[in-house]
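Structure record follows, encoded as structure tokens.
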Amino acid sequence: MSYILENADRPNPITNPNRRRLLAGSTAAMAAAGLAGFTRSAMAQAVADTAIAAKPLPAYVNWKNPESMIVHTASTLETKRSAFGTSIVTPTSQLYIRNNLPAPDASVVADRDGWQVVIEGVKNPRTLSVKDLKSMGLETMAMVLQCSGNGRGLFPNKPSGTPWQVGAAGCVVWSGVPVRVLTEALGGIIDGMQYMTGTGGEKLPEGLDPKSVIVERSVPAKAMADAMLAWEMNGEPIPLAHGGPLRLIVPGYTGVNNIKYIKRLAFTAAQTDAAIQKTGYRISPPGQKGDPSHPSVWEMSPKSWINSPAPETGAVSAGRAQIKGVAFGGLNAVKSVEVSVDGGKTWKTARLVGPDLGRYAWRQFVLPVKLEPGTHTIACVVTDSRGNRQPEGRVENTGGYNNNSWRDHALTITVV
Ligand SMILES: Nc1nc2c(c(=O)[nH]1)N[C@H]1C(S)=C(S)[C@@H](COP(=O)(O)O)O[C@H]1N2
Ligand SMILES: [Mo]
């Protein structure tokens, strides 16, 4: 990933219409941080500092809610831990963003139905438009979209890359045509094709080897069972920033495998030799660069985290509280979630709340507690339907991928 747009033009903070909301948000954050009692000038200074620290939304996603986002760079935005609601689906206005390359020109969403995708590795290969796809089938599915680097910021050795906390993830409802239906309509997959390879439709920067920058990922062909080519998310046409007009959805697989603005879907005998597959996104031992002998970031593992109370300030009043969070199994449904308020010494089973949107969605959970004054470490652990339990520790790796350690995700709160 040599070509990463980290310094794209950002809107001028003075003229940016979001600035007002940003400042309002900072004031609220300060109040939450217990700074409300500070002198006026200290308060004003702190507000100014916060406003400087909080980068404005980049122009291409200036429709996102600035109060719920952490802007790492113009191509990496995460959802604040305090901003995850409890009604399961992550609003598109609050969902994280990760771009390895600048998106295609906005003109591609002016004629969504005209977007074309090449299907290869089937008996009757064809180029199909979104309009064609819409006539071929329909499925709707809720799925956790999570960057493989989510939780990287919780690795003590701070691997290089965006230091995501928990917010490079969301639960999204997608609509589109199942890949299975599509391949059947095109005569089935050619024998021996072991991978499903998707290619992003970005215009590649000139002067660089295309293989070094192209967003092209292969996943085991079996992943196609529940995969889809989607044109809608959370009830709207997929915004360009999230991969419209057409996105490959591979449920249970990490974010990078879900190719935005897909222009080619191929069943292939081998994995693509694009750098993003060959050496990038590999679980390599600390100090070693990724290579094809290391596991690729594919399936997600069971993971959960607490979002309330007070994930950012850690300051909570004594008395009754509802400990809330999210839990998912990756490939399997959530069976149960346990919560500890003593750093993992004792556990209580939480209650799963709200409708079950299927095995690829996350579940919200709640545990009512009475918090006594003092310092407490709140942790949670999910077990999936096959009995896989979220581990206590992380697997150390150079890229800081796949952190699902419950200890790293625990919250320490001070109850007064
Ligand atoms: N075409 C394309 N697809 C892509 C990417 C990209 O840069 N280009 N980034 C990937 C990565 S690393 C992640 S985590 C997700 C992010 O999806 P989002 O920006 O919709 O949240 O998209 C994936 N699909
Ligand atoms: Mo990612």
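Indexing begins at 1, ligand by ligand and atom by atom, following the structure's order.
Scored by the salt bridge (Lys or Arg N to Asp or Glu O under 4.0 Å) test, Arg126 finds no partners at all (sequence neighbours excluded). Partners of Glu184 according to the salt bridge (Lys or Arg N to Asp or Glu O under 4.0 Å) rule, which considers only residues two or more places apart in sequence or in another chain, do not exist here. A search for side-chain hydrogen bond (donor to acceptor under 3.5 Å, both in side chains) contacts involving Thr90 returns nothing, not counting sequence neighbours.
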Which pairs of nitrogen or oxygen atoms, taken one from ligand 1 and one from the protein, are under 3.5 angstrom apart?
from: ligand 1; atom 1: 1 (N); to: Glu202; atom 2: OE1; distance (Å): 3.2
from: ligand 1; atom 1: 1 (N); to: Glu202; atom 2: OE2; distance (Å): 3.2
from: ligand 1; atom 1: 1 (N); to: Lys260; atom 2: O; distance (Å): 3.0
from: ligand 1; atom 1: 3 (N); to: Lys260; atom 2: N; distance (Å): 2.9
from: ligand 1; atom 1: 7 (O); to: Asn100; atom 2: N; distance (Å): 2.7
from: ligand 1; atom 1: 7 (O); to: Asn100; atom 2: ND2; distance (Å): 3.1
from: ligand 1; atom 1: 8 (N); to: Glu202; atom 2: OE2; distance (Å): 2.6
from: ligand 1; atom 1: 9 (N); to: Arg98; atom 2: O; distance (Å): 3.4
from: ligand 1; atom 1: 9 (N); to: Asn100; atom 2: ND2; distance (Å): 3.1
from: ligand 1; atom 1: 17 (O); to: Arg247; atom 2: NH2; distance (Å): 3.0
from: ligand 1; atom 1: 19 (O); to: Arg98; atom 2: N; distance (Å): 3.0
from: ligand 1; atom 1: 19 (O); to: Lys260; atom 2: NZ; distance (Å): 2.6
from: ligand 1; atom 1: 20 (O); to: His242; atom 2: ND1; distance (Å): 2.7
from: ligand 1; atom 1: 20 (O); to: Arg247; atom 2: NH1; distance (Å): 2.7
from: ligand 1; atom 1: 21 (O); to: Tyr96; atom 2: O; distance (Å): 2.7
from: ligand 1; atom 1: 22 (O); to: Arg247; atom 2: NH2; distance (Å): 3.0
from: ligand 1; atom 1: 24 (N); to: Asn258; atom 2: O; distance (Å): 3.0

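Glu78 pairs in a side-chain hydrogen bond (donor to acceptor under 3.5 Å, both in side chains) with only one of the listed residues (His72, Gln94, Gln165), which is His72.
A 6.0 Å sphere centred on NZ of Lys348 holds no more than 12 heavy atoms belonging to other residues, nucleotides or ligands.
One finds the CG atom of Leu248 at 10.5 Å from the CE atom of Met228 (value rounded to the nearest 0.5 Å).
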